[in-house]
Amino acid sequence: MKMKTSRVVILMIIAILLAIYILFPFFLVLLNSFKNQAAIVQDPISAAGASFSQFVSNVNAVVNNKNFVFWRAFGSSALVTIISLFLLAVFGGMSAWVICRNKTKWSTFLFMMFVAAMVIPFQVVMFPLITWFKNLGDFLHIPLLRSHGGLVFAYLGFGESMTIFIFHGFVKNIPLEIEEAADIDGANKWQ
């Protein structure tokens, strides 16, 4: 019992240290948003020179920048993110359910292909993707480059593998009896 407790304590300490290591860059960005440029360059890690009035000034400088329309960029990002996540959830959930519930060699092969696709970094396919989008957009007369639709389409391509992987694990843990009961209830409802 004492051995298990010490293991849990050690794992908790490692997890806390790992969280601090991962979140430290975010802390630095937040801390430096309260300082002016000279204070950031002088000592980026300390809180010297940080003030709330400087934070307000920095936010105003970003929002009211004449070279960059902040609210339009924010709205575009929000639109692309919301549409992409919605479509990923719908198509990824359906795909994962079909792959998980059909126990065939093809479904296993498809699942493994989606898992393998998660390993490919974006930088490897970035240039061919741009070329492909340009050629396909020219052929179909649909703007895929520099458009919200093209960006959503690219996000779907890159996010679907992870979505299917996550939903597959979720669907696999749902007992078939629950789905059968829902199917029976649905059939009785329409009679």
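Linking Ile, Leu, Val, Met, Phe, Trp and Tyr whenever their side-chain heavy atoms come within less than 4.5 Å puts I166 and M112 in one cluster. Put simply, V171 and I164 are part of two different groups of oily side chains (I, L, V, M, F, W, Y) that touch within less than 4.5 Å, one to the next. Linking Ile, Leu, Val, Met, Phe, Trp and Tyr residues whenever their side-chain heavy atoms come within less than 4.5 Å places V59 and L30 in a single cluster. Tracing side-chain contacts under 4.5 Å through hydrophobic residues (I, L, V, M, F, W, Y), one reaches F139 starting from L144; they form part of the same cluster. A single hydrophobic cluster is not seen to contain both L31 and I40; linkage of ILVMFWY side chains at heavy-atom distances under 4.5 Å, directly or through other members, places them apart.
Rounding to the nearest 0.5 Å places OG of S84 at 6.5 Å from CG of L151. Of the inter-residue distances, the one linking L28 atom CG with I45 atom CD1 reads 6.0 Å to the nearest 0.5 angstrom. S76 OG to H148 NE2: the interatomic distance, rounded to the nearest 0.5 Å, is 3.0 Å. Note that CD1 of I142 is 7.0 Å distant from CG of L136, once rounded to the nearest 0.5 Å. Rounding to the nearest 0.5 Å places CH2 of W132 at 15.5 Å from CZ of F127.
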(request) Apply side-chain contact (heavy atoms from CB on, under 4.5 Å) to the pair W97 and M94, showing each step before the final yes or no. (result) CA-CA 5 Å; W97 184 84; M94 290 189 295; 5.9 Å; no
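Scanning both residues, I120 and V125, for their nearest heavy atoms gives CG2-CG1, 4.1 Å. T163 approaches G92 most closely through the heavy-atom pair CG2-CA, 3.8 Å. When every heavy atom of S161 is checked against every heavy atom of M118, the shortest pair comes out as CB-CG, 3.6 Å. Across all their heavy atoms, A48 and K35 have their closest contact at O-CD, 3.2 Å. Taking every heavy atom of both residues into account, A154 and L129 meet most closely at CB-CD2, 4.2 Å. The two residues A39 and N36 make their nearest non-hydrogen contact at N-OD1, 2.9 Å.
Counting heavy atoms of neighbouring residues, nucleotides and ligands inside a 6.0 Å radius, atom CZ of F158 exceeds 12 of them.
Under the rule for a side-chain hydrogen bond (donor to acceptor under 3.5 Å, both in side chains), the partners of N58 that lie at least two apart in sequence or sit in another chain are Q54. By the side-chain hydrogen bond (donor to acceptor under 3.5 Å, both in side chains) test, Q42 is found to be paired with no residue, residues two or more places apart in sequence or in another chain being considered. Under the ring pair (Phe, Tyr, Trp, His ring centres under 6.0 Å) criterion, F133 pairs with F153, not counting sequence neighbours. The side-chain hydrogen bond (donor to acceptor under 3.5 Å, both in side chains) check on S51 picks up S53, with sequence neighbours excluded. By the ring pair (Phe, Tyr, Trp, His ring centres under 6.0 Å) test, F86 pairs with no residue at all, sequence neighbours left out. Residues passing the side-chain contact (heavy atoms from CB on, under 4.5 Å) test with V29, sequence neighbours excluded: none. Here D43 pairs with nothing under the salt bridge (Lys or Arg N to Asp or Glu O under 4.0 Å) rule; sequence neighbours left out. The side-chain contact (heavy atoms from CB on, under 4.5 Å) test applied to L18 returns I22, not counting sequence neighbours. Residues passing the salt bridge (Lys or Arg N to Asp or Glu O under 4.0 Å) test with K134, sequence neighbours excluded: D138.
Note on residues 101-123: pairs passing side chain to side chain donor-acceptor pair (under 3.5 Å), not counting sequence neighbours, are R101-E179, T104-S107. Applying the ring pair (Phe, Tyr, Trp, His ring centres under 6.0 Å) rule to pairs touching residues 159-178 yields F111-H168, sequence neighbours excluded.
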Side-chain polar contacts of residues 64-71 - donor-acceptor pairs under 3.5 angstrom, sequence neighbours left out - could you list them?
{"residue": "N64", "atom": "ND2", "partner": "N60", "partner atom": "O", "Å": "3.3"}
{"residue": "N65", "atom": "OD1", "partner": "N67", "partner atom": "N", "Å": "2.9"}

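At a threshold of 4.5 Å between non-hydrogen side-chain atoms, the residues Y155 and L88 do not count as touching.
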